[in-house]
Amino acid sequence: MLNFEVTQQSKKSKARIGLLETSHGVVETPAFVPVATQATIKTLSIEDTRETKSQLVISNTFHLHLKPGEDIVAKAGGLHKFSTWDRPIMTDSGGFQVFSLGFGRDLQVGKVLKFFTGDEKEKIKADKQPKFLKITPEGVYFRNPINGAPLFIGPRESMEAQQKLGADIIFAFDECTAPLSTLPYIKKALKRTHDWAKICVEHKTSDQALFGIVQGSHHQDLRYESSNFIASLPFDGYGIGGDLGGTKEMMCNILDWTLPYLDQKLPRHLLGIGKIEDMEMIIKAGVDTFDCTVPTHYARNGIAFTSEGKLDMGKRVLLDDGAPLDPECECKICTTFSRSYLAHLFKAKEMTAFSYLTFHNLFYFNTYVERIRERIKRGEL
Ligand SMILES: [Zn+2]
């Protein structure tokens, strides 16, 4: 069950305020979606996660398929009962792992390409296969990264797993292409993504909301083709996936080439993008929800996001700083502990250091988006 209502459309940009209603509660959009890969936010209790103002989380089908397996989760009554997280959940389709375990790993690139000094010959041509997996029209053959056993995931397997996991919102299986793919490769991958989208629609037997994923890399004509194709299928919302170009401008262009061709009444989720410096731009382009590992991943590396910029807890000078982590933040970490104490915990490698910083970073990101929502409501953005 999913109802989405756009309650306010900005007159200054394409930003919109909306309410995403699921059987596990209502999400006010635009919303940041923390990543709970293994049905938990790393280092946080479920209770703490609720207190970070997180409205919706995204879990990873591929990882949960490997362990504990969707049958174990289904037996427990689905992800909500299994984890006791009672707010909405999304699961991704596993398509991103095709990329991250495939060409992403071979070429050591993320989906946003920063530097590439390699040879033109290294670019991914139409018939090339990644080293560690095989992509076919039916799906993807892997080796299980845990025990090396052969593994196959295609659109049917992804749907079956996601329906057993029982999230509120599930995604169609897709192929996320690497930034270094040639045009013929991207075209071939896009055809697969579209074929798989149809199969996912046909195999849906649950009342979960199914989002179709638009791909097409950084090519305007392919994004246009993909948006129109995905919009022609009976999806409940959309994911914007894939390589979004190397620059902020390109990301902005891609959203402009995509979002206008989708059903405007349906929610759109930007997959795997949500750095603090990108948030305003993607929201102004009309994105409703977006997930990103930045706040949680950085926290575990000792980086706190604050109103004064990023703070590296490994810096010696912080050991002598009695100020709150972020004097402007109202979270329970900032109103309780000093930078000095937190820097000490980091230096001592105490586990609480990771959970305190994760808590603050998530609270900070969610508050940041909450303020953007307030600015849209006031007509400022
Ligand atoms: Zn804080």
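For ligands, and for the atoms within them, numbers begin at 1 and follow the listed sequence.
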The protein N, O or S atoms lying under 2.8 Å from the Zn ion (ligand 1) are Cys329 SG, Cys331 SG, Cys334 SG, His360 ND1

Could you tell me whether the side chain of Ser10 and the main chain of Leu381 form a donor-acceptor pair under 3.5 Å? yes

Whether Asn228 side chain and Tyr224 backbone form a donor-acceptor pair below 3.5 Å: yes

Using 30° and 60° as the class limits, which term best fits the ring planes of Phe365 and Phe305: parallel, tilted or perpendicular? perpendicular

Taking the six-membered ring of Phe4, is NZ or CZ of Lys265 closer than 6.0 Å to its centre and within 45° of its axis? no

So, are Glu160 and Arg156 salt-bridged, with charged N and O less than 4.0 Å apart? no

Heavy-atom nearest pair, Thr43 first then Ser355, reads O-CB, 3.0 Å

